[in-house]
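All residue numbers refer to positions in the sequence shown, counting from 1. Note that the structure is predicted; figures quoted are calculated from it, not measured. Whatever order the structure lists ligands and atoms in, that order sets their numbers, starting from 1.
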Amino acid sequence: MTRYHPTLVALHWILAIMIIVALVMGGQVLAALPNDSPDKMFSLRAHMSIGLIIGILMVARLVTRVKTQHPPKADTGNALLNMGGQVAHWALYAFVLLMVASGIGISVTAGLPGIVFGGSGAPLPETFNDLAPRAAHGIISKLLALTILAHIAGWLYHQFVLKDGLISRMWFGNRT
Ligand code: HEM
Ligand code: HEM
């Protein structure tokens, strides 16, 4: 087995783009808008929708990962780095799912489903900052961003130092 399953490959790259967009827009645009800004509702609607789709696709991805055959563990020649790679992969799954769970937590505690999607006409609360899931969402977003940077550093190391073309395992093609 030389590559991951094509479904997993497709989901890896679609999700990579969606997650980076959610992280950048969430941190740089959404969180920077005060809740009484006229643009907040649109931004929340977009962020919550993309976040929920990420959640659904990430579960689909986890199921695909468990049910399909995959290549043997990548070897860097260093036991510590090999372990780091494994830990980072499962941390990526865990942090993304925790972002979705804490996002839903903010949404439910602040009554957002009715306000943002249900047309209840009620105003947004003055701020989300006093909600526990909001604090968790902020902290996990930083941990997720750091893990993604470490993951990309791992790829750079394989690509330019080890020159083992690891990226082809996460691309389409003959798998035998
Ligand atoms: C993987 C999925 C997600 C990512 C990467 C993500 C990312 C972010 C980031 C980076 C922030 C700003 C954090 C900060 O600067 O402290 C944020 C805020 C927020 N996110 Fe998410 N999010 C995700 C899923 C969700 C979901 C599913 C929901 C709700 C259904 C949601 C609702 C919110 C809300 C309400 C805020 C607060 C905005 C504010 O403080 O004004 N997020 N998100
Ligand atoms: C937000 C983004 C990303 C997430 C959440 C993510 C997640 C993952 C996970 C969990 C795996 C392990 C395979 C699996 O169990 O599914 C993986 C593999 C991989 N990723 Fe990412 N990834 C992201 C972005 C990227 C980027 C930007 C690159 C390269 C520039 C990249 C390159 C790779 C490569 C080469 C592998 C294969 C590693 C191997 O064969 O052992 N990923 N990714």
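- Note on Val24: it does not cluster hydrophobically with Ile152, by side-chain heavy-atom contacts below 4.5 Å among ILVMFWY residues.
- Assignment of Arg61 to the shell around ligand 2 is supported, since a heavy atom sits closer than 4.0 Å.
- A donor-acceptor contact shorter than 3.5 Å links the side chain of Asn82 to the backbone of Thr76.
- Judged by distance alone, the side chain of Arg3 and the main-chain N or O of Ser168 form a donor-acceptor pair under 3.5 Å.
- The backbone N or O of Gly103 sits nowhere less than 3.5 Å from a side-chain atom of Ser107 that would complete a donor-acceptor pair.
- Of all atoms in ligand 2, listed by their number and element, those nearer than 4.0 Å to a heavy atom of Leu8 are 16 (O).
- Remark: side-chain polar atoms of Ser43 are not paired, donor with acceptor, to backbone N or O of Asp39 under 3.5 angstrom.
- Between the side chain of Lys163 and the main chain of His158, no donor-acceptor pair closer than 3.5 Å is present.
- Taking a cut-off of under 4.0 Å to the non-hydrogen atoms of Ile167, the atoms of ligand 2 that pass are 35 (C).
- Here the side chain of Ser37 pairs no donor or acceptor atom with the backbone of Leu33 at under 3.5 angstrom.
- Judged by distance alone, with hydrogens and angles left aside, the side-chain atoms of Arg45 form a donor-acceptor pair with the main-chain N or O of Val116 at under 3.5 Å.
- Within the 3.5 Å criterion, the main-chain N or O of Gln69 finds a donor-acceptor partner in the side chain of Arg175.
- Taking a cut-off of under 4.0 Å to the non-hydrogen atoms of Leu166, the atoms of ligand 2 that pass are 38 (C), 39 (C), 40 (O).
- The neighbour count for Phe42 CZ, taken as heavy atoms of other residues, nucleotides or ligands under 6.0 Å away, does not exceed 12.
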Between ligand 1 and the protein, which N/O pairs are shorter than 3.5 Å?
unit_1: ligand 1; atom_1: 16 (O); unit_2: Arg134; atom_2: NH1; d: 3.2
unit_1: ligand 1; atom_1: 16 (O); unit_2: Arg134; atom_2: NH2; d: 3.2
unit_1: ligand 1; atom_1: 20 (N); unit_2: His47; atom_2: NE2; d: 2.9
unit_1: ligand 1; atom_1: 20 (N); unit_2: His137; atom_2: NE2; d: 2.9
unit_1: ligand 1; atom_1: 22 (N); unit_2: His47; atom_2: NE2; d: 2.8
unit_1: ligand 1; atom_1: 22 (N); unit_2: His137; atom_2: NE2; d: 2.9
unit_1: ligand 1; atom_1: 40 (O); unit_2: Arg134; atom_2: NE; d: 2.7
unit_1: ligand 1; atom_1: 40 (O); unit_2: Arg134; atom_2: NH2; d: 3.2
unit_1: ligand 1; atom_1: 41 (O); unit_2: Lys40; atom_2: NZ; d: 2.4
unit_1: ligand 1; atom_1: 42 (N); unit_2: His47; atom_2: NE2; d: 2.9
unit_1: ligand 1; atom_1: 42 (N); unit_2: His137; atom_2: NE2; d: 3.0
unit_1: ligand 1; atom_1: 43 (N); unit_2: His47; atom_2: NE2; d: 2.8
unit_1: ligand 1; atom_1: 43 (N); unit_2: His137; atom_2: NE2; d: 2.8

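- Under the 3.5 Å distance criterion, the side-chain polar atoms of His12 are left unmatched by any main-chain donor or acceptor of Met170.
- With contacts defined as side-chain heavy-atom distances shorter than 4.5 Å, the pair Tyr4/Trp171 does not qualify.
- Of all protein N/O/S atoms, those under 2.8 Å from atom 21 (Fe) of ligand 2 are His12 NE2, His151 NE2, and waters are not counted.
- Distances shorter than 4.0 angstrom do not occur between any heavy atom of Trp90 and any atom of ligand 2.
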